[in-house]
Each structure stands twice: as structure tokens, then as C-alpha cells.
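Counting starts at 1 for both ligands and their atoms, following the listed order. For reference, positions follow the sequence shown, starting with 1. From a predicted model like this one, the values you see are computed outputs, not experimental measurements.
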Amino acid sequence: MLSETQISEFKRQGYLMLPELVSEAVRGDLLSQLQEWVEESRQQDANYGFDTPNGKARFDLEQGHTAANPRLRRVANPTDISEIYQKLLFEGDLPEAVSDLIGPNVFFHHCKLNNKFPGAGTRVEYHADHPFDPHTNDDGITVLLFLDDMDEGNGCARLVPGSHRERYTHFHDGKFIGSTDPALFDQFDGRADSLVGRAGDVCLMDIWTLHGGGPNQSQDRDRRMLIADYRAADAFAIMPPAVPSRFYRRIVAGEPTHVARLREGTMETLEPYPDDSFFGLQGQQAAGEGAGEVAQ
Ligand SMILES: O=C(O)CCC(=O)C(=O)O
């Protein structure tokens, strides 16, 4: 599906844009499902939905969430509760494009839906994805599907080209903090590309590429993005998945294997962290958490 030129571009910059990959009809179905979850969230006042494989909350609410002003900022593994998401992520163009980059045998690792609603204060601090889920090798892709038009005004992601060839610790004082050292954020901002695009576009990102992004400062523009993590079938986790899906290790291209491929070198490993929220781990409180309280 991908040309040699596209594959070279991916290898050079650590990401590749595929414009207009997902149709308006499919996007409409994904968004209607999200809207149902937003409506349901009106009845909640703290993170909820603990029917997940590790008992952490599926639905993450930003501080300030109320019934009148719902602030559902993230849904972990929408695939686990919606067939629309399964169909898109397990069949067709997305697994095919991923296998063009990391080889014929690919498994689905997990996914999440990030909802930066207008006025959302939530940011994403610079991090790579592999340190959250280290495996025996690094052949993995994160797919970013734009569900809305995105630019800096509504908090598009920022990707640091070339950073997939660099390594930065995600630990501070011996603790996994879910981001690189905050002292480096300005430097990364100076190097980053703003991931500007239209609804339906897809970005394929190397799991070592540093990425982050600011809040949605617009008054009326949603910024909803589906994020899915895929790995080569011969990559085996060296710790349990951070956001486990009930479809974890489902083969979406090629064949399964029981033979792990190892890469040389070193890698940071982490204990499963207690936060149920990615944003909590990065130091941003969820609804129901008191001011000044440290997320555990
Ligand atoms: O929503 C975004 O802009 C990126 C989020 C991200 O990197 C994540 O949730 O892991």
C-alpha cells in the first residue's frame, strides 16, 4: 500500500502523513459513538468504567467536569466496547499500512481516543510511546487518526522529526514520569512539526518519535483523535501493557509466532504505575481529585 518514497520518508523523519485515508461515513460512526459516551459521562463526577483488564478507569474526566459541561478527555480502548472501532483498527487499510513499515506479521496492542474539547486545558507533555510498553524489539507503530481538522489553534499534536533515532529518559528521581525531562520541552518545541491536517487524515508514527501538544484554546473547535498502537508479532512485552485491551496481541496482519526477536542494547523498564490516567501520570489532575493532591 505504501510506496518506497513514503517508506523512506517515514524512516527519515519518524512519521508519515496519509491524507484522506478514512472516509467521512466511518468517521461519522466513530464520532456518534463518542458522543454517546460524552452523554453518559454527564452522570459521573470522577473517572469511571473499571471493567478493564487491569481494573483502571476506561473514562477519564478533566477537572471541572459537570453534568452541564461534560469534560470527557479520554476513552481507553474504545475497541473493547465498540464494534465500529474494532472494524476500523483490525481490518483494512490501517493494519496494511502498518505492516508495510514493520513487516508482514503485526498485532494490535491497545488504543485510546483523546478528546480535546474546546477550552480543554489538558496538554500532552513530550514523550515517546515505547518507554510505556517496552518490548523485546522496537518494531512498532502508533497510528494517529484525525477525527477533526487540526492545527495549533485547537491543540494539534507536535512531533519532533528525527527523534526516533534519539533516546531520552522518562524517569525522574528513579520514578517513571510518563514524559521526558521538562527542562527539555522548550528545545523540543523549537524542533517540532505541528501536525496540521484534515479530518480523515492518518499519521503513522514510530514508537520512539517524541510527541506532545498544547491545550485546545479554541472556543468552538473539537480536537478528537484516535490513537492505536501496533507491534511486530515477534515483539514480546517485558512488562504488562500499560493500557491493556481485551484484544491485546490480536493478530491483524500475517501470522502469530512464539519466537521473540531481541534487539541489542539497553532499555528502561518500569513497574506498572498506579495512575489510571495518562494525564494524571504526567501531573494533570482528573475530575474529583483535590487541588494540591498528588495523583498516585
Ligand atoms: O492527543 C494527542 O495529541 C497525543 C496524545 C498522546 O500522545 C497520548 O495520549 O499518548
* His127 and His211: CA distance, side-chain angles, deciding distance, ring-ring contact (aromatic ring centres under 6.0 Å, His included) verdict -> CA-CA 6 Å; His127 67 283; His211 55 289; 4.1 Å; yes
Solution key, residues 176-183 side-chain donor-acceptor pairs under 3.5 Å, sequence neighbours excluded:
unit_1, atom_1, unit_2, atom_2, d
Thr180, OG1, Tyr126, O, 3.1
Asp181, OD1, Ala183, N, 2.9

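The aromatic ring centroids of Tyr168 and Phe188 lie less than 6.0 Å from each other.
Listed by first and then second residue, the salt bridge (charged side-chain N to carboxylate O under 4.0 Å, His left out) pairs that reach into residues 35-49 are Glu39-Arg42, sequence neighbours excluded. Sorted by first and then second residue, the ring pair (Phe, Tyr, Trp, His ring centres under 6.0 Å) pairs involving residues 238-271 (not counting sequence neighbours) are Phe90-Phe247, His109-Tyr248.
Residue Leu147 is grouped with residue Leu204 when hydrophobic side chains (ILVMFWY) are merged at heavy-atom distances under 4.5 angstrom, including chains of intermediate members.
For ligand 1, residues of the protein lying within 4.0 angstrom by heavy-atom distance are Arg74, Lys112, Asn114, Val124, His127, Ala157, His211, Arg223, Met225, Ile227, Phe278.
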